[in-house]
Amino acid sequence: MAKIAVEKGGVSTRPTARLLAKGDGWSVSEVVCTLGPRDRPFEERHGCPSIAMVVAGTFQYRSRSGRELMTPGSLMLGSTNQCFECGHEHETGDRCVSFSYTQEFFERLAADSGSDAAGSGFKMLRLPPVRGLSPLIAQASAALSGSGDAPWEELTIQLAAKAVQLDRGLSGGPASAEPGALARVTRVLRMVERHPGGSHTLRDLAREARLSPYHFLRTFQRLTGVTPHQYLLRARLRTAATRLITGRVKILDLALDSGFGDISNFNRTFRAEFGVSPRAYRAQAR
């Protein structure tokens with residue numbers, strides 16, 4: 001989501017954005033704004049469907065359809081080609097996690113979640129901090145702080161579906177049983193079991209199950225009790241723990257073989273799961 005440009009000392013300035021993750025049809029960025037009451041807002045335009053999760057600070061979000069006060073825990077909703085501006089009339093700065101979608105991907109998620117009017121964009125500018133959003137916001141905030149895992153692809157899908165349901169006043173009831181769902185999910189589980197360290201994105205797993213990403217995520221969780229990300233993470237950690245005991249592989253090589261991008265992430269995740277570091281786990285086992 002593009003935040004507004006402002007004029008500071010005659011120079012146009014934008015809040016800083018840091019890409020956190022991206023995939024086919026979506027991206028997630030951290031957006032930090034340090035602007036304040038003396039900075040003049042300019043009109044900006046949403047280039048695609050977007051949802052900004054406010055994690056710190058406050059600001060005013062305005063468009064032709066009204067204005068809203070954005071607070072921590074609320075969602076700033078943006079529709080394609082919607083003009084808007086943001087301002088900090090009373091306090092300085094804010095921090096958001098911004099989720100952006102291609103129009104096609106967003107409309108597919110909206111349709112899967114029960115809405116038949118995604119093409120018209122969001123009805124509201126803001127979703128307040130309501131109970132149904134709390135788990136998603138807490139998970140994203142923990143990942144942003146580095147104290148939690150970051151299943152950004154799952155969060156991107158869950159957030160879009162929940163935002164559309166709340167915006168449309170839909171209930172988002174329990175997932176309906178897909179024909180052959182058990183067989184489809186089992187096929188995915190066996191694939192992960194054979195290659196736990198592989199690059200398994202949610203979209204890839206959904207394609208293997210021949211379901212949309214949204215329906216696959218809900219069906220998988222209903223049948224297994226965990227999300228695909230949680231299942232894959234634990235499968236990788238179990239395999240890594242076994243190799244620590246039975247082999248002499250270096251921990252760095254083990255981290256990379258297990259699908260972790262770096263050893264620090266592997267060490268942190270392994271300790272969270274087993275209570276000790278990989279090195280200590282190997283020493284205790286021997």
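Position 1 is the first residue of the sequence, and the numbers go up from there.
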Under the side chain to side chain contact (heavy atoms under 4.5 Å, CB included) criterion, do L205 and M191 qualify, and how do the steps go?
CA-CA 9 Å; L205 297 177; M191 182 180 72; 3.4 Å; yes
List the steps and the verdict of side chain to side chain contact (heavy atoms under 4.5 Å, CB included) for T71 and L69.
CA-CA 6 Å; T71 64; L69 174 63; 4.0 Å; yes
Apply side chain to side chain donor-acceptor pair (under 3.5 Å) to residues T201 and D204 and explain how you reach the verdict.
CA-CA 5 Å; T201 67; D204 290 340; 3.0 Å; yes
Mind running side chain to side chain contact (heavy atoms under 4.5 Å, CB included) on M76 and R126 for me, showing each step along the way?
CA-CA 5 Å; M76 174 179 166; R126 177 201 67 173; over 6 Å; no
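A donor-acceptor pair shorter than 3.5 Å cannot be found between the side chains of E154 and Q158. Side-chain atoms of T227 and Q221 include no donor-acceptor pair closer than 3.5 Å. Side chains of D112 and S212: a donor on one and an acceptor on the other come within 3.5 Å. In this structure, a donor-acceptor pair under 3.5 Å is absent between the side chains of E91 and T58.
Within a 6.0 Å sphere centred on CZ of R210, other residues, nucleotides and ligands contribute 12 heavy atoms or fewer.
Contact check on R203 versus E153 returns no salt bridge, with no Lys/Arg side-chain nitrogen under 4.0 Å from an Asp/Glu carboxylate oxygen.
The distance from the CZ atom of F270 to the CZ atom of F260 is 9.5 Å, given to the nearest 0.5 Å. Note that NE2 of H46 and OG of S100 are 9.5 Å apart. Values are rounded to the nearest 0.5 Å.
For the pair R236 and F266, the cation-pi criterion (under 6.0 Å, within 45° of the ring axis) is not fulfilled.
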